[in-house]
Amino acid sequence: MADMQKLYEGKAKIIYSTEDPEILLTHFKDDATAFNALKRGTIIGKGEINCRMSTELFQILEAKGIPTHWIDQPAPNQMRVRRVKIVPVEVVVRNIAAGSLCKQTGLPLGTVLKHPLVEFFYKNDELGDPLLTRDRLLLLELATPEQLDQLKTMTLQINEILTEFFHQCGITLVDFKLEFGLDVNGKLLLADEISPDTCRLWDEGETDQTKRIMDKDRFRQDLGQVESAYQKVLERVLNSKTQG
Ligand code: CDP
């Protein structure tokens, strides 16, 4: 990595340049943060788990026609990706009510939504990643109306593919966050990662609410057994892939 330059260090990843200007190297860290970095910690092995899991899921999505930034995984905690200009919007899709949806609407935790709900949040730590309306998003020129429609369509397709895949793993995909970027040709690609850091995943074999959580909520809520939950998700993803 001697000739690589650190371009950006985020809460969970470091991005390096490579000799090819169109290709970046992402290094996944074990560092964990929550509540806009007010809570900090380490989840041992998380970097490798999230990198491997994102690799598997990006490959599944690519095979189903979703364009992603993923190129390959040269090391356990490293992923090579196509350089994109990140759209500063976090796209959240929900199948079951949890987290900020419950807090802001009063819907009880676990309410099954009649249709998946797609929401846009402003990717802006200073402002605390606020929920955006479509008109605010357009006002801020974060995306064009066409891009916004495309973001929603792609997100719903991804949700359908991943909901079915996780169900095969005995896991309910409650909600998750996606980020997208524009490549050199202005094409929208799915970017960032998909992992227990960015999804709510509930074990279908458990009814106890605390026991069934297999994602970052274990860290957020100090529920313990964070590493083993992440590991279990990865094992099931890898098993399901070899069987499918
Ligand atoms: O997690 P929290 O209750 O703060 O927010 P949410 O809006 O309920 O989060 C919905 C989903 O997006 C969860 O799966 C979060 O893990 C994920 N998310 C994320 O990965 N990164 C963020 N900055 C915000 C949410």
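Just so you know, residue 1 is the first one in the sequence shown, and it goes up from there. Numbering of ligands and ligand atoms starts at 1, following listing order.
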Item to check | Per-atom contacts, ligand 1 versus D129 - under 4.0 Å to a heavy atom | outcome: 23 (N)
Item to check | Short N or O distance, R200 and ligand 1, threshold 3.5 Å exclusive | outcome: yes
Next on the checklist: Contact between ligand 1 and K123 is defined here as a heavy atom of the residue under 4.0 Å from a ligand atom; is it met?
Outcome noted: no
Checklist entry - Of all the heavy atoms in N36, does at least one lie under 4.0 Å from an atom in ligand 1? => result no
Checklist entry - Take atom NZ in K187; do more than 12 heavy atoms of anything else shown fall under 6.0 Å from it? => result no
Next on the checklist: Please determine whether a side-chain nitrogen of the Lys or Arg among D217 and R200 lies less than 4.0 Å from a carboxylate oxygen of the Asp or Glu.
Outcome noted: yes
Checklist outcome for this item: Restricting to heavy atoms, the pick from R220, E179, K177 nearest atom 21 (N) of ligand 1 would be K177
Checklist entry - D197 heavy atoms, cut-off 4.0 Å: which ligand 1 atoms fall inside? => result 16 (O), 20 (O)
Checklist entry - Which protein heavy atom lies closest to atom 11 (C) of ligand 1, and at what distance to 0.1 Å? => result D175 OD1, 3.4 Å
Next on the checklist: Between the side chains of D149 and R134, is the shortest nitrogen-to-carboxylate-oxygen separation below 4.0 Å, so that they form an ion pair?
Outcome noted: yes
Item to check | Ligand-side contact atoms (ligand 1) for residue partner G99, heavy atom cut-off under 4.0 Å | outcome: 3 (O), 8 (O)
Checklist entry - For K29, does the NZ atom have more than 12 heavy-atom neighbours from other residues, nucleotides or ligands under 6.0 Å away? => result yes
Next on the checklist: Are the side chains of F176 and N159 in contact, using a 4.5 Å heavy-atom criterion?
Outcome noted: yes
Item to check | From the candidates P196, S100, A12, C102, the one that places a heavy atom nearest atom 7 (O) of ligand 1 | outcome: S100
Checklist entry - Is there a protein heavy atom at a distance of less than 4.0 Å from atom 9 (O) of ligand 1? => result yes
Item to check | Non-hydrogen side-chain atoms of K46 and P196 separated by less than 4.5 Å | outcome: no
Checklist outcome for this item: Honestly, for R94 the part within reach of ligand 1 (heavy atoms, under 4.0 Å) is side chain
Item to check | Other residues, nucleotides, ligands: >12 heavy atoms within 6.0 Å of I44 CD1 | outcome: no
Checklist entry - How long is the span from the CG atom in L162 to the CG atom in L178, to the nearest 0.5 Å? => result 8.0 Å
Checklist outcome for this item: Logged contact type for V174 with ligand 1, heavy-atom cut-off 4.0 Å, is neither
Item to check | Which of the ligand 1 atoms, numbered from 1, are nearer than 4.0 Å to a heavy atom of V92 | outcome: 10 (C), 12 (O)
Checklist entry - Residues in side-chain contact (heavy atoms from CB on, under 4.5 Å) with Q209, at least two apart? => result L109, W202, R212, I213
Item to check | Top protein contact for atom 23 (N) of ligand 1, by heavy-atom distance | outcome: E90 OE1, 3.0 Å
